[in-house]
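Below you'll find the structure, written out as structure tokens, and then a few comments.
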Amino acid sequence: MIEITMPRLSDTMEEGAIAVWHKQPGDRVEIGDVLVEIETDKATMEFEAYEAGTLVKHLVPEGEQASIGTPIALLDDGKQAAAPAPAVADSAGMVRPPAASEPAAGSPAPSSRPLPATDAVHDDRARLFASPLVRKLARENNLDLSHLRGTGPGGRIIRADTDELLAHPAAVTAGAGEPTALTDAPGVPDAPPTTPAASAPPIDDKRGSEVVPLSNMRRVIARRLGESARTVPHFYVTAVADAENLVRLRTELNAQLVAAGRPKMSINDLLIRASALALREHPRVNASYIDDASGEMLVHNRVNVGVAVASGNGLVVPVIENADQKTVSQLGAETRHLVSLANEKKLTAEQMSGGTFTISNLGMFGVEQFTAIINPPEGAILAVGGTAREAVVVGDAILPRHRMRYTLSADHRIIDGALAAQFLQTLTRLIENPWTIIA
């Protein structure tokens with residue numbers, strides 16, 4: 001009997017949700033068959049079988065989540081005469097092996113049947129179910145978790161649920177010095193409930209509130225961006241460029257491309273190319289901070305630009321590799337392909353990893369200027385606003401010109417103000433002389 005476990009399908013994945021089981025118990029499974037679709041923090045991905053056999057049981061049903069390495073199904077490969085009893089899922093959604101008193105498959109049943117998880121005796125006292133990592137954090141930070149609402153399987157408290165409490169240690173009640181009883185299995189009473197943290201909005205009729213569960217992707221986005229905002233010292237530098245020549249060049253090129261039956265190029269395509277060239281001139285912006293202990297940073301020799309995409313399934317950042325070595329047309333074609341995959345939830349982990357710099361463009365929504373949160377482990381992100389006509393002094397005349405504003409969010413641990421300003425200076429020069437972008 002083979003245990004199929006929750007795989008790691010992206011570099012930031014900690015748990016996944018079962019979207020669709022493609023194989024049902026009793027189905028024959030061959031190597032390469034699609035077993036299941038798993039929703040990760042970035043996309044929904046297909047998981048193929050690496051062993052052949054007969055699917056025995058789903059341990060995690062559709063719609064539920066499991067941590068990496070947790071068994072999600074059992075596969076009989078025919079190599080064992082007597083298959084072990086399948087693991088039993090407790091009421092918290094965690095999988096446990098059969099107890100010593102539970103017989104293996106094929107062995108005679110004892111006279112007294114073991115008590116299954118669903119028959120566990122309950123009392124009226126509140127209980128907390130928490131992951132091992134959460135229990136460790138609670139001990140180390142003296143946290144009172146009794147008021148948290150778990151979003152994991154079976155209401156289990158997971159790491160993402162503790163972000164607010166870790167960010168506001170003052171919310172820990174005075175009685176939190178006495179540890180709260182935490183368990184992965186039912187039956188362990190918890191400490192008396194405490195008053196909810198003031199930051200948690202109440203659910204009441206006056207607000208007309210309703211609880212809307214977050215998708216796995218949205219929960220991980222919240223956790224990662226929260227960690228970035230708390231741990232990375234952001235600073236922001238804004239510049240404005242005269243984009244009149246850029247707009248005219250794009251208009252002329254698109255007229256010729258349409259006549260030739262080729263796809264148009266966008267302002268964003270030109271900006272990706274310009275940013276990649278600027279990163280090549282300023283390689284220390286194309287870098288990552290390691291940690292406080294090492295005293296080192298990573299300067300990346302490849303320019304891999306992530307493009308923030310607000311797909312219908314959440315915010316994702318597919319990565320264009322070696323963007324400085326590709327033409328504007330190639331960048332446009334690749335971007336359109338990645339956006340299409342994002343909307344269809346078909347991006348792979350490979351297509352969303354390895355970024356060294358990110359561009360977030362909200363200009364198409366009429367946004368003039370904004371700041372963005374750095375996408376770790378990158379050292380910077382460029383927030384691009386829209387291109388609009390403004391009255392500009394040119395010589396002794398006031399003329400309407402297209403202007404564009406953009407803000408660089410930088411990790412101050414590795415990028416100082418002068419370096420950020422020099423990068424934007426180069427980017428502005430390229431935008432105002434767009435022939436150098438396509439040359």
Side-chain angles (χ1 to χ4, degrees), residues 235-257 263-286 303 305-308 320 322-332 334-335 356-372 379-410 415-439:
F235 81 99
Y236 310 97
V237 183
T238 300
V240 57
D242 184 329
E244 187 69 21
N245 291 333
L246 183 76
V247 172
R248 288 180 179 178
L249 177 63
R250 172 179 175 262
T251 302
E252 294 172 3
L253 287 175
N254 279 343
Q256 297 178 33
L257 290 171
K264 294 181 179 181
M265 67 174 60
S266 68
I267 292 291
N268 202 57
D269 300 335
L270 292 161
L271 282 173
I272 294 172
R273 170 71 175 167
S275 299
L277 294 176
L279 289 169
R280 181 56 65 200
E281 286 193 38
H282 304 280
R284 295 213 165 210
V285 178
N286 195 49
V303 178
V305 177
V307 181
I320 299 176
N322 302 313
D324 58 322
Q325 300 175 20
K326 296 176 179 177
T327 66
V328 177
S329 294
Q330 289 174 324
L331 293 172
E334 189 166 344
T335 300
T356 62
F357 183 84
T358 295
I359 295 176
S360 180
N361 189 346
L362 295 180
M364 65 286 295
F365 298 107
V367 173
E368 180 179 301
Q369 181 180 331
F370 69 104
T371 59
I381 182 171
L382 186 70
V384 182
T387 303
R389 299 188 81 189
E390 300 177 7
V392 180
V393 177
V394 181
D396 294 329
I398 298 178
L399 302 175
R401 306 279 291 185
H402 284 90
R403 306 262 282 178
M404 176 190 297
R405 288 174 175 80
Y406 33 84
T407 299
L408 184 74
S409 303
I415 301 172
D416 58 25
L419 177 58
Q422 291 164 7
F423 171 82
L424 289 187
Q425 190 176 49
T426 299
L427 182 62
T428 300
R429 171 174 51 82
L430 290 166
I431 291 172
E432 294 183 346
N433 299 277
W435 304 275
T436 58
I437 297 176
I438 64 174

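Keep in mind that what you see is a predicted model, and the values were worked out from it rather than measured. Because only heavy atoms are used, hydrogens play no part in the values below, and waters and symmetry mates are left out as well, while side chains stay in.
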Quick one: CG on Asn433 to CG on Leu246, what's the gap to the nearest 0.5 Å?
10.5 Å

Backbone N or O of Gly385 within a donor-acceptor pair of the Gln369 side chain at under 3.5 Å?
no

side-chain contact (heavy atoms from CB on, under 4.5 Å) partner of Leu382, chosen from Ile272, Thr407, Leu427, Val305:
Leu427

Tell me if a side-chain donor or acceptor on Arg273 pairs with a main-chain N or O of Ile437 at a distance below 3.5 Å.
yes

Treating Ser360 as the side-chain partner and Ala308 as the backbone partner, does any N or O pair qualify as donor plus acceptor under 3.5 Å?
no

Mind checking whether Phe357 and Phe423 have ring centres under 6.0 Å apart?
yes

Once you round to the nearest 0.5 Å, how far does OG1 of Thr387 lie from CZ of Arg405?
10.5 Å

Before giving the answer on side-chain contact (heavy atoms from CB on, under 4.5 Å), spell out for Val285 and Leu419 the whole-Å C-alpha distance, their side-chain angles and the decisive distance to 0.1 Å.
CA-CA 8 Å; Val285 178; Leu419 177 58; 3.8 Å; yes

Glu244 and side chain to side chain donor-acceptor pair (under 3.5 Å): which single residue from Arg401, Arg403, His402 fits?
His402

Could you walk me through whether Val307 and Asn268 pass the side-chain contact (heavy atoms from CB on, under 4.5 Å) test, one step at a time?
CA-CA 9 Å; Val307 181; Asn268 202 57; 4.1 Å; yes

Tell me which one of Leu271, Ile431, Thr238 satisfies side-chain contact (heavy atoms from CB on, under 4.5 Å) with Tyr406.
Ile431

Using the side-chain contact (heavy atoms from CB on, under 4.5 Å) rule, take Leu253 and Leu249 through it: C-alpha gap first, then chi angles, then the decisive distance, then the call.
CA-CA 6 Å; Leu253 287 175; Leu249 177 63; 3.8 Å; yes

Kindly say whether Ser329 contributes a backbone atom to a donor-acceptor pair with the side chain of Asp269 at under 3.5 angstrom?
no

Distance check, rounded to the nearest 0.5 Å: Asn322 atom CG versus Glu334 atom CD?
9.5 Å

